[in-house]
K.L.:
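First the structure, which I've put down as structure tokens, then a few questions once you've had a look.
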There are 2 protein chains.
Amino acid sequence: MINVLIADDHKMFVDGIESILKLEDDIQVVARCYNGGEVEHLVDEYNVDLLLLDVNLPGMNGIEVCKRMKIVKPDLKIIAISMFNEESYVSEILSNGASGYILKNTGREELLKAVKIVHSGLSYFSEEVKATIMKSLMNQNKKKEASKTFFPKVSKREKEVLALIIDEHTTSEIAKKLFISLKTVESHRSSLLNKLNARNTAGLVRIAIENNILAEQKA
Amino acid sequence: MINVLIADDHKMFVDGIESILKLEDDIQVVARCYNGGEVEHLVDEYNVDLLLLDVNLPGMNGIEVCKRMKIVKPDLKIIAISMFNEESYVSEILSNGASGYILKNTGREELLKAVKIVHSGLSYFSEEVKATIMKSLMNQNKKKEASKTFFPKVSKREKEVLALIIDEHTTSEIAKKLFISLKTVESHRSSLLNKLNARNTAGLVRIAIENNILAEQKA
DNA sequence: CAAATATTGAGGGTAAACCACTAGATTGAA
DNA sequence: TTCAATCTAGTGGTTTACCCTCAATATTTG
């Protein structure tokens, strides 16, 4: 017997899920709730095996709930349910312990399949969700490149200096390593601050890392 | 008619693919090559529509080839083929322009399906590949947490200071913002350097970003 | 070839960061 | 209720970073 808890703020939707699940002999909806805060004590009280969790819950949202439940009850299986097929939602909740992600337009058959598969210890994702993730993978580089072009290109030598700065070397250490004068390194630092629009070393390092400056094509 | 180029260093495998594709009326294998370097001129010469590309090629590897081809001929469709169902390979080549990823144990039917779907402008991934990506998504947080624990916990106040440092504020600016003395901020900076094992501000920022220190649970 | 950019270097100075040491008040966990 | 950690703050000093201005040589690009 699979003990299921449904957590979703849309009561009609909860009723719908329940009506589907109650027809199954091996599935039992032991409780339902309409906000994130109640989940924890209900899971305890009713010995819940599987949680059907809305991602966008009022109060404590689905991601927080998921994180929390995986700490207090790691063997609890969680399927995320959402209206939105958004890459950010999917990756957030999956990296926080959910074993499945299905959309709210999912049919009866698929819902039952998801519940049974996840309960068995495997994971389940609807085809649309998988497609969204693959698409976002393909777009990753485009996004990076778009954000890159805001900066003027950093020259080869400047990149060398930048790499050593990020590697915690001081100006004089860098000068010795590159066999150039201290003043030259200072010049490069100064150009870097200008080009990357940074106020100081902290900003230089942050901007360089965030924009992957060192990995850019050879200037 | 779909003009296909096969690039793979295993000749027997190339022959296998070709024997499958040649039976189709609307597919024509116009050329084949066994290393990355030849791809570019063959694509030009034979007016290739679709490239079946091994990820692990000698000379110029598949990812480099993919990147290059998307620059010189953006409308060329590319399907990556690999022996390995590895998350890193998949995400690397997909973010560099491939529209599909199939494994070398793929059957005849699936290969044809992939070629036709990708040629039509959509993308195609075998189920195993999609499963691998979803699994790696689910493990993302675990990896992060494992690498986190190497550092002693950074206190709440220290995190506030750290955030302002990363945001390019000087010690005196931070003191004013937090309504504390300059010397107190210096103390916090000093503890941060110790705790994160950094030599200077540059290291502090790098380590904080790389290890996602600011996003950790409330200390 | 000419113009722009990159690389190199300098003088002279101020601001910021870092170091060692100390120490009282507060607070949270054993 | 100790005890360790945190937050606070100081003295005093050294080192490093950053700013401005200037300039010769080299390399790349239109």
Side-chain angles (χ1 to χ4, degrees), chain A residues 71-72 148-209 213-219, chain B residues 71 148-209 213-214 216-219:
Chain A
I71 295 168
V72 300
K148 266 179 197 170
T149 49
F150 288 112
F151 300 104
K153 58 185 167 203
V154 176
S155 75
K156 202 169 72 190
R157 199 57 157 172
E158 283 163 351
K159 269 187 218 172
E160 293 183 72
V161 172
L162 181 54
L164 290 167
I165 292 171
I166 293 175
D167 210 27
E168 303 188 303
H169 294 286
T170 66
T171 300
S172 73
E173 284 170 358
I174 295 170
K176 276 169 199 157
K177 260 185 195 281
L178 299 183
F179 303 104
I180 54 181
S181 141
L182 192 112
K183 278 295 173 184
T184 305
V185 180
E186 276 190 355
S187 285
H188 290 312
R189 287 191 87 123
S190 170
S191 326
L192 281 165
L193 287 174
N194 273 319
K195 284 186 178 178
L196 301 188
N197 216 345
R199 284 182 65 195
N200 51 33
T201 303
L204 206 59
V205 173
R206 177 178 54 79
I207 294 166
I209 294 176
I213 302 290
L214 294 179
E216 269 178 346
Q217 69 291 337
K218 324 93 195 169
Chain B
I71 295 168
K148 267 180 196 171
T149 50
F150 288 113
F151 299 104
K153 57 185 166 203
V154 176
S155 75
K156 202 170 73 191
R157 199 57 156 174
E158 284 163 351
K159 269 186 220 170
E160 293 183 71
V161 172
L162 181 54
L164 291 168
I165 292 172
I166 294 174
D167 210 27
E168 304 188 302
H169 293 286
T170 67
T171 300
S172 74
E173 284 171 358
I174 296 169
K176 275 169 199 157
K177 261 186 195 282
L178 300 183
F179 302 105
I180 54 181
S181 140
L182 191 114
K183 279 296 169 183
T184 304
V185 180
E186 276 191 354
S187 286
H188 290 311
R189 287 191 87 124
S190 172
S191 325
L192 282 166
L193 288 173
N194 274 319
K195 283 187 180 178
L196 301 188
N197 216 346
R199 285 182 65 195
N200 51 34
T201 303
L204 207 59
V205 174
R206 177 179 53 80
I207 294 166
I209 294 176
I213 302 290
L214 294 180
E216 270 178 346
Q217 70 293 334
K218 324 93 197 170

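In what follows, chains are A, B, ... by sequence order, proteins preceding strands, each numbered from 1. Hydrogens, waters and symmetry mates play no part in the numbers below; they use all other heavy atoms, side chains included.
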K.L.:
Given side chains that start at C-beta, do those of A:L164 and A:V185 come closer than 4.5 Å, heavy atoms only?
P.N.:
no
K.L.:
What distance separates A:N197 CG from A:I207 CD1, expressed to the nearest 0.5 Å?
P.N.:
6.5 Å
K.L.:
Rounding to a whole Å, what distance do you find between A:E160:CD and C:dT7:C1'?
P.N.:
11 Å
K.L.:
List the atom of A:E158, the atom of A:S191, and the distance in Å for their closest heavy-atom pair.
P.N.:
OE2-CB, 3.4 Å
K.L.:
Under the salt bridge (Lys or Arg N to Asp or Glu O under 4.0 Å) definition, can you give me all pairs with a residue in residues 178-188 of chain A, not counting sequence neighbours?
P.N.:
A:K183-A:E186
K.L.:
Looking at A:V161 and A:L192, what are the two nearest heavy atoms and their distance?
P.N.:
CG1-CD1, 4.3 Å
K.L.:
Which whole-number value in Å describes the distance from A:K156 NZ to D:dA26 P?
P.N.:
16 Å
K.L.:
Between the two ends of the helix from C:dC1-D:dG30 to C:dA30-D:dT1, what is the bend in degrees, rounded to 10 degrees, where each end axis spans five pairs?
P.N.:
80°
K.L.:
Which whole-number value in Å describes the distance from B:R157 CZ to C:dT26 P?
P.N.:
15 Å
K.L.:
For a quick test of your reading: what N or O donor-acceptor pairs under 3.5 Å do the side chains of residues 198-206 of chain A make, sequence neighbours left out?
P.N.:
{"residue": "A:R199", "atom": "NH1", "partner": "B:E168", "partner atom": "O", "Å": "3.4"}
{"residue": "A:R199", "atom": "NH1", "partner": "B:E173", "partner atom": "OE1", "Å": "3.3"}
{"residue": "A:R199", "atom": "NH1", "partner": "B:E173", "partner atom": "OE2", "Å": "3.4"}
{"residue": "A:R199", "atom": "NH2", "partner": "B:E173", "partner atom": "OE2", "Å": "2.7"}
{"residue": "A:N200", "atom": "OD1", "partner": "A:A202", "partner atom": "N", "Å": "3.2"}
{"residue": "A:N200", "atom": "OD1", "partner": "A:G203", "partner atom": "N", "Å": "3.1"}
{"residue": "A:N200", "atom": "ND2", "partner": "B:E168", "partner atom": "O", "Å": "3.1"}
{"residue": "A:T201", "atom": "OG1", "partner": "A:R189", "partner atom": "NH2", "Å": "3.1"}
{"residue": "A:R206", "atom": "NE", "partner": "B:I166", "partner atom": "O", "Å": "2.9"}
{"residue": "A:R206", "atom": "NH1", "partner": "A:E210", "partner atom": "OE1", "Å": "3.4"}

K.L.:
Check the pair A:R157 / A:I180 against side-chain contact (heavy atoms from CB on, under 4.5 Å), numbers first and verdict last.
P.N.:
CA-CA 11 Å; A:R157 199 57 157 172; A:I180 54 181; 3.5 Å; yes
K.L.:
Mind listing the N/O atom pairs, protein and nucleotides 28-30 of chain C, below 3.5 Å?
P.N.:
none

K.L.:
About how many Å separate CD1 of A:I174 and OG1 of A:T184, when rounded to the nearest 0.5 Å?
P.N.:
12.0 Å
K.L.:
Just to confirm, is there a sub-4.0 Å distance from OP1 or OP2 of C:dT7 to any side-chain nitrogen or oxygen of A:K159?
P.N.:
no
K.L.:
To the nearest angstrom, how far is A:I165 atom CD1 from D:dT16 atom C1'?
P.N.:
12 Å
K.L.:
Can you list the residues that meet the side-chain contact (heavy atoms from CB on, under 4.5 Å) rule with A:K176, with sequence neighbours excluded?
P.N.:
none
K.L.:
With rounding to the nearest 0.5 angstrom, report the NZ to OG distance, A:K195 to A:S190.
P.N.:
11.0 Å
K.L.:
How long is the line joining CD of B:E158 and P of D:dT8, in whole Å?
P.N.:
10 Å
K.L.:
Take nucleotides 9-22 of chain C nucleotide by nucleotide from the 5' end and write B, S or -, depending on whether a protein heavy atom sits under 4.0 Å from the base, only from the sugar-phosphate, or from neither.
P.N.:
BBBB----SBB---
K.L.:
From CD of B:E168 over to P of D:dA17, roughly how many Å is that when rounded to an integer?
P.N.:
16 Å
K.L.:
As an exercise, state the distance from CD1 of B:I209 to CG of B:L214, rounded to the nearest 0.5 Å.
P.N.:
8.5 Å
